Amino acid sequence: MLNSRAGKITSTIATLIVLMAVGSTISSIRAQSSGSIESDRGSYSTFQDALDASQDGDVLTVTSGTHTGNFVIDKSVTVQGVDWPTFDGGGVGNVFTIEAPNVVITGLIIQNSGNKLNSEDAGIEANAPGVVIDGNRIQNTLFGIYLKQAPNGDIRNNVITGMDLEVQRRGDGIRVWYSSDTVIENNDVSLVRDVVLWYSERLTVRNNDIHDGRYGLHFMYDDDALVENNRLTGNSVGAFLMYSRRLQMIGNVVGDNRGPSGYGIGLKDLDDAYVEGNLFADNRVGAYVDNSPRERDSKVEFIDNVFVLNDFGVRLMPSVKRNQYTGNSFVDNQEQVQVAGRGTIEENDWAVDGIGNYWSDYAGFDADNDGVGDVIYKSEKLFENLTDKHPKLRLLTFSPVTQAVDFAAKSFPFVRPEPKLTDPSPLVQPGTVPGLLLDKKVFAWKTLLASLAFVGLAGVVARIGSTKGERNTEQKEAVEPVEPTDPVGGNVIEVIDLSRSFGDVRALQNLTFNLASGEGLALWGNNGAGKTTAIRCILGQVSYEGSVSICGIDVAAKGKLARAKVGLVPQEISFHDDLTVLDTMRLYTKLRKSNHDEGSALLERLSLAPHLSKQVRQLSGGLRQRLALAIALLGDPPILLLDEPTANLDAAARQDFLALLEDLKAEGKALVFASHRPGEVLRLADRVLLLDQGKLVAESEPEDLMTRIGALPKMRIEVGLRNVESAMTALSNDKFETSANRTGVYVTVAPGEKALPIKTLVDAGIPVVDFDLEGTGKGDIDD
Amino acid sequence: MIDLQTVAILSQKEVRDATKSRWLLMFGVGFAVIASALSWMALSGLGSFGVAGFGRTTASMVNMVLLIVPLMGLTLGALAIASERERGALAYLMSQPVTAFEILLSKYLGVAAALIAALLVGFGISGILVVLRGGSSNAGDFLALVGLTVLLALSSLSIGFLLSAGLRRGATAIGLSVFLWLTLAFFSDLGLMGTAVTLDIGVRELLFMALANPLQVYKLATILSIKNDLEVLGPAGVYAMRTYGDALLPILMALFVVWVIAPLGVGFLIFKRRGAF
Amino acid sequence: MSTPKRVGILLLMIIGALSLIACQSEVDIETTPEIAYGEVICEQCGMIVSEEAQAAAYRLPDGNLRIFDDLGDMVLYHRLNGEDVHIFWVHDYQTGEWMHAPDAFFVATEDLVTPMGHGIAAFTYEAGAEHLANEHSAPIYRWDELLEAPLADLPRHID
């Protein structure tokens, strides 16, 4: 029993719940489609029905939903949206047309009016006084709100977005037409043509954000308007104020208004305008003043405004008079004040009651610390003067030449222009406009990131440049295997008809020679004989006529390939002095495509191993030449080219070095070297090319050459009269050239072999009493 | 054929040499100090109006860059070949299995890398300064400024290389590069002003004449990419915008690229003829 | 300076000057005005000329053009400056085509919204003017009358 009752109750409740759920679902579906409209007369399913049934003073509450059509409100009702109901004009005509006074519209989304400029299609067009349009979103309408002879209106808290059309084809975000005493407050207006306020008195425009249109505000014939605390940014003109009296503009942010006629504000035919505490930033022109004031007994006042980073802070038409500027700050405008056209702006005041303006280009001082500079400010920049006369010269703006020109004018009074204006009491500190900022403060983390990346990138470059970086890369790089030098049976160098001339000077003429592996060839001659030129030609470092081939490679055509077969030891090597021996070797190991092991072996062989960590600048001459030789030998080239290799070495070092070269020659290297030292020639050369003024004079055996030029020294060995004959025989047997001389013999000796005849004699048991050197020919045969 | 490995090795050597060069150090420090000082001054002077940041203070930055960066590029470029030629180091290098082009390219890449690094340090420090001190900055504007400045550095460097290709004295190179800098930064503009005023040439001719100077190309490109307009440059700027519209920036960039490649190309031809001596 | 050098420089200068003169293209002072809408500024009010149908212009005998965003501004500017004008150009209110102002019929009414509020429309045919005039009970002017009309007779805004 109890159970069954309980069961009934349960099932009843369940049924109820289900019904409620279904019901609420149905109602929510209806809300999605048309919403609900509650008025003092009851509930309606369409807005038009509710409107038709309403009477003056009714409140129509529209909860969500979309209402399409063109609605004419001809009763003084309040239309109040809950959850953003949408009113859609369907792309034709006005969405709302208000024909009754004191209509209130609030909380609606109003969209898609027509887009015909002739019919001035609007989101809301009001033709009656006292309308309140508060807190709506008006979007994609040609005109947003149009008050047409609808005074005492109140437009607040709306977000108005126009149509994304070319600016000429857009309508006005707000148009106030013969509608005095209208208040426009806290609206955000964008993507429209203008906000137009014409033929209306006592307007209040406050706290609006009007951006990215043509004329942020356009006043015509509006006396006694107050424009306060608005943001007018990114328009062509922030506010164009025309034909009005006693307009007050206070505490607005006017910025980024640019374009061919971009002005922050434009004042035209304004009388008694009062402009105070505004921020004019980064406009083309901060404030443009034309024919204002127009009446004799009126004035225009600019007080405590900041003009910053505009192309022109203030632009005045030459006719402008009775403007007063006091307490304003002109900061870093390209041109602080410009006179548009010929004429002067003398009849304006740049200081009032001893208070002038701050000028960022003021170069005076304030010794008495009263905040007013002790020297008057004169605007007399020459470049400005020039660009005012020749606007096309503005092309050179930002160029360093502008400073140069201004500097010149400062230094030379005779090119200084007449001052455009003078401020007798310039302020030394810029003023402030508290709370007014053009850019909102945001943390520019992207820029920070980019900056950090830049510093990091620079660090990477520095690391690449550091020796450490070099080590790392070396470990990573795979070194190409060295091509084995083919043991050519024939010549490793073939030079045919080699000539080189600069202008009339023939540095080298018809030189022909060749050289096989293991051979030594000396190029002999004075400075200018052509030795070095020949070497440069062989390396393909200079252009030449004739042909040079190295291991069968034409040097002119494939210089790089040919150079790989040649190691050069210059007279004095110019290394990177701050590199260590090891690092130098590493660099050239890579460059010559050799490998680490070969490099190490060479350093070892040339006794450079103990000096690896020394900087090249710390090496002695001998060690430097050894390093040069080590580098030349990288990649095991078949040819060594040496240009006066021992010229800068001392005797001991020279002997060491020559010994090394002799070994290398014995190992099969072909040696070509320039020299004017007989010692080198005799030890290393198999043949000598005697060059003179670029011509090959003779090709001969080294000894022949030496004899011919009387270059070989003779040694007079004193052996005693009775030993002369046996001494001659012993020496001749050892292939010495000898002649008798009373108690001694003359022996021609090669450099570095002066002990040999003595040894021969001693070995033969002939006592050597004494010896002398004489007839040394060139004088510096050897040490 | 360019042997990239060789180029890499030699470039690295050049970077190393350049980073040790007192010229680069001097310029780099100078640039960083001035860039930071400018940003700092802008922040203290303009920060309270919400207009301190790279997009806003382009003018002073462009002006500073026009003054310093070409001097850096020209001098470093002019020294690059001439001083090594003077020391004989170039002759030694050219006796190695490398081509003239590889050497020139490596030198250019190496010096360019070092120069760009110096600029990046300067911009980086001033960027960090701006952000940390609460300046506003559009990252795109910042990158445009830096990118174009790098291009200006590269073109100045190319012109420096062109000078250097035919010279064999470091001192001559320095002297000539300073003269060329004066010409590009001052004399040519002065001449332009004089010509424009005395001959009363039109804006079109003035614009074309100005664009013969890479510094002006830089200026126009930078202002155009940051302000999206050349209105600030008066009638000639408006003429450029109206005539070329959206093609203007690509045209300027192409000019810039020409100013990087052409002097280097001609420099190479001279270098190849002239060689190591 | 040597004489040949001087002659050379002189020649260069002459060639330069000639080429500059040659570059300046002859303006045909009879052609219809060309206006860069959205960029050019009205000579009288300093605002951007953006509405083609309302724009007006006159050409001076030297070929120079004065451009206005509102027909009324042209009247106003000419009254203030009194320049010697070669041709006045206005747009036909109905077709939007350029026409010579002396050939046109004008209707001035406050009900017409024009960029500077002068409310003047120009018509090629008198019938068109009559239609608008009747609609707003406004008078019809010819160009000479408009230039000389007493201020009080025109819509209030030409002052």
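Just so we're on the same page: letters track the sequence lines, and every chain starts at 1. Please read all numbers here as calculations on a predicted model, not as lab measurements.
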Identify the two heavy atoms, one from [X] and one from [Y], that lie closest to each other, and give their separation to 0.1 Å.
{"X": "A:Arg175", "Y": "C:Val113", "answer": "NH1-CG1, 3.8 Å"}
{"X": "C:Met116", "Y": "A:Met220", "answer": "O-CE, 3.2 Å"}
{"X": "C:Gly46", "Y": "A:Ser261", "answer": "O-CB, 4.4 Å"}
{"X": "C:Thr114", "Y": "A:Trp198", "answer": "O-CH2, 3.4 Å"}

Which atoms of C:Ile48 approach chain A - backbone, side chain, both or neither, heavy atom under 4.5 Å
both

Considering only heavy atoms from C-beta outward, does the side chain of C:Glu52 approach that of A:Gln168 to under 4.5 Å?
no

Distance from C:Ser50 atom OG to A:Arg169 atom CZ, nearest 0.5 Å?
13.0 Å

What's the separation between atom CG in A:Asp194 and atom CE in C:Met47, rounded to the nearest 0.5 Å?
6.5 Å

A quick test of your reading: do over 12 heavy atoms of other residues, nucleotides or ligands sit less than 6.0 Å from [atom1] of [X]?
{"X": "C:His131", "atom1": "NE2", "answer": "no"}
{"X": "A:Lys148", "atom1": "NZ", "answer": "yes"}
{"X": "C:Arg142", "atom1": "CZ", "answer": "yes"}

Contact part of A:Glu166 toward chain C, heavy-atom cut-off under 4.5 Å: side chain, backbone, both or neither?
neither

Less than 4.5 Å to any heavy atom of chain C: does that hold for the side chain of A:Met242, its backbone, both, or neither?
side chain

Salt bridge flag under 4.0 Å for residues A:Arg193 and C:Glu51:
yes

Would A:Tyr178 and C:Glu110 count as a side-chain contact (heavy atoms from CB on, under 4.5 Å) here? Give the steps.
CA-CA 12 Å; A:Tyr178 290 101; C:Glu110 280 180 43; 3.4 Å; yes

